[in-house]
Visitor: 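Okay, here's the structure, questions in a sec.
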Amino acid sequence: MKKRVTKAIFPVAGLGTRFLPATKAIPKEIMMLVDRPLIQYAIDEARAAGIKEFIFVTSRGKSALEDYFDEAPQLEATLRRDGKQELLEVLKSTNMDSGAIAYLRQHQALGLGHAVWCARRLIADEPFAVILPDDVIAADKPCLQQMVEAYAETGGNMVATMEVPYDQVSSYGVLDVERTLGAVIKARGMVEKPAAGEAPSNLAVIGRYILTPKVLRNLDRREAGAGGEIQLTDAIAEEIARSDNVYGYRFQGHRYDCGSKSGFLRATLAFGLARPELRADLEAFIDELYAARKVAQ
Ligand code: UTP
């Protein structure tokens, strides 16, 4: 029987250079869409998929992240005193059960594969999920939950995937497709950041994974790959050769690349428009901007 996936790693130790100077002081994962930080979207998605243990791989300067999940007695007392029950409920979603959350440090940003490898002792011998909080996925059924359901059939290793324009494939890990079985794609290979014209497909790997502990053992050698970084993609690709059990999962939903400025702004707009209390105001503002542009042209 396949083991249930109850542990998730959140690699949040990257330098976030695309958001400098902001990320000099603010971890990227604390930056917010409307009023919730990216990390909250990731945690909610993990909870919906049945994750019980949350492992953060952090780095220097990320203490705001730990504070975010801490209790805030003074704030809570003030809200209680003022009868702000709704806000107290909002705060509840940020509380984590004692012992459910662990923080590890990646001392050097050696790459995503290395960040995941840092959590190897906490994973031990169980399948686990990896969630990259800067990939925010808006979906009726949360993406990781879709994957957990598909994984119940396939087992093995599974990566979220979506089609991207061919001129963007070299920014992603890319799947070489053996065959397609509905939303599930059996992989024949996987390559990180292929050169333009050398990509085996335009199916990009997006930041959700369900992996076997063998992938962690593949990372023991700590070999650098594309861009001089220790790549998670390479360690997963090794499992194709060894066990032939790597699958892509074409999820339902819209992915926002909140690791890039344009993706982050798009997500801010989309999540703002999705809020009933903000929608009319934002729409009116967009119309105004559009009209002003037309006049300027
Ligand atoms: P990115 O490639 O987006 O890198 O990492 P980054 O450092 O966060 O951002 P830029 O490119 O400098 O702007 C993808 C994910 O992998 C994590 C990041 O925190 C992010 O969630 N990561 C990356 C690590 O945890 N450690 C690393 O060494 C590299």
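Atoms within a ligand are numbered from 1 in the order they appear, just like the ligands themselves.
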Visitor: Is it the case that ligand 1 has an N or O less than 3.5 angstrom from some N or O of Phe19?
Guide: no

Visitor: Is Gln106 near ligand 1, meaning one of its heavy atoms is under 4.0 Å from it?
Guide: yes

Visitor: To check your reading of the model: name the closest protein heavy atom to atom 28 (O) of ligand 1, its residue, and the distance in Å.
Guide: Gly111 N, 2.8 Å

Visitor: Would you say Val184 ends up clustered with Ile206 if hydrophobic residues are merged whenever their side chains have heavy atoms under 4.5 Å apart, either directly or through other cluster members?
Guide: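 Yes: a chain of side-chain contacts under 4.5 Å links Ile206 to Val184.
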
Visitor: Mind checking whether Lys28 contacts ligand 1 via backbone (N, CA, C, O), side chain (CB onward), both or neither, at a 4.0 Å heavy-atom cut-off?
Guide: side chain

Visitor: For atom 17 (C) of ligand 1, what is the closest protein heavy atom, and at what distance to 0.1 Å?
Guide: Pro11 O, 3.6 Å

Visitor: Report yes or no: does a heavy atom of Gly259 sit under 4.0 Å from some atom of ligand 1?
Guide: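 Flag not set, Gly259 not near ligand 1.
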
Visitor: Verify whether the ring centers belonging to Tyr249 and Tyr151 lie closer than 6.0 Å.
Guide: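 No - the distance between ring centres of Tyr249 and Tyr151 does not fall below the 6.0 Å cut-off.
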
Visitor: Does Arg36 qualify as a cation-pi partner of Tyr41, given the criterion of NZ or CZ under 6.0 Å from the six-membered ring centre and within 45 degrees of its axis?
Guide: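 Yes, a cation-pi geometry.
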
Visitor: Taking the minimum heavy-atom distance to atom 12 (O) of ligand 1, which of Asp257, Ile39, Thr17 ranks first?
Guide: Thr17

Visitor: Counting only heavy atoms, which portion of Leu112 has something under 4.0 Å from ligand 1: side chain, backbone, both, or neither?
Guide: both

Visitor: With heavy atoms of Ala109 as the reference, note each atom of ligand 1 found under 4.0 Å away.
Guide: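 With Ala109 as reference, the close atoms of ligand 1 come out as 28 (O).
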
Visitor: Does the gap between the ring centers of Phe56 and Phe69 come in under 6.0 Å?
Guide: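 Yes, they do, as the ring centres are separated by less than 6.0 Å.
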
Visitor: For Val57, is the nearest heavy atom under 4.0 Å from an atom of ligand 1?
Guide: no

Visitor: Pairs of nitrogen or oxygen atoms closer than 3.5 Å, one from Leu132 and one from ligand 1: do any exist?
Guide: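 N/O-N/O distance below 3.5 Å does not exist for this pair.
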
Visitor: Testing the 3.5 Å rule here: is there a donor-acceptor pair between the side chains of Glu29 and Tyr68?
Guide: no

Visitor: So which bit of Ala115 gets within less than 4.0 Å of ligand 1, heavy atoms only: side chain, backbone, both or neither?
Guide: side chain

Visitor: Hey, is CZ on Phe285 packed in by over 12 heavy atoms from elsewhere, all under 6.0 Å?
Guide: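 Not buried by this count: 12 neighbours or fewer within 6.0 Å.
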
Visitor: Looking at ligand 1, does any of its N/O atoms fall within less than 3.5 Å of an N/O of Gln108?
Guide: no

Visitor: Less than 3.5 Å apart, which donor and acceptor atoms pair up between the side chains of residues 87-96 and the rest of the protein, not counting sequence neighbours?
Guide:
from  : atom 1 : to    : atom 2 : distance (Å)
Glu89 : OE2    : Lys92 : NZ     : 3.3
Ser93 : OG     : Val90 : O      : 2.8
Thr94 : OG1    : Leu91 : O      : 2.6

Visitor: Please check if any side-chain donor atom of Gln252 sits under 3.5 Å from a side-chain acceptor atom of Asp140, or the reverse.
Guide: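 Judged by distance alone, the side chains do not pair up.
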
Visitor: Under a 4.0 Å N-O cut-off, is there an ion pair linking Glu126 with Arg4?
Guide: no

Visitor: Specify the protein heavy atom at minimum distance from atom 3 (O) of ligand 1: its residue, its atom name, and the distance to 0.1 Å.
Guide: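 It is Arg18 NH2, 2.9 Å.
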
Visitor: Give a yes or no on whether atom 5 (O) of ligand 1 lies under 4.0 Å from any heavy atom of the protein.
Guide: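 So far as the 4.0 Å threshold goes, atom 5 (O) of ligand 1 is out of reach of every protein heavy atom.
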
Visitor: For atom 7 (O) of ligand 1, what is the nearest protein heavy atom, given as residue, atom name and distance?
Guide: Leu15 N, 2.7 Å

Visitor: Taking atom CG as the centre, does Asp287 end up with more than 12 heavy-atom neighbours from other residues, nucleotides or ligands that are less than 6.0 angstrom away?
Guide: yes

Visitor: Please state which protein non-hydrogen atom is closest to atom 24 (C) of ligand 1 and give its distance, to 0.1 Å?
Guide: Gly14 N, 3.4 Å

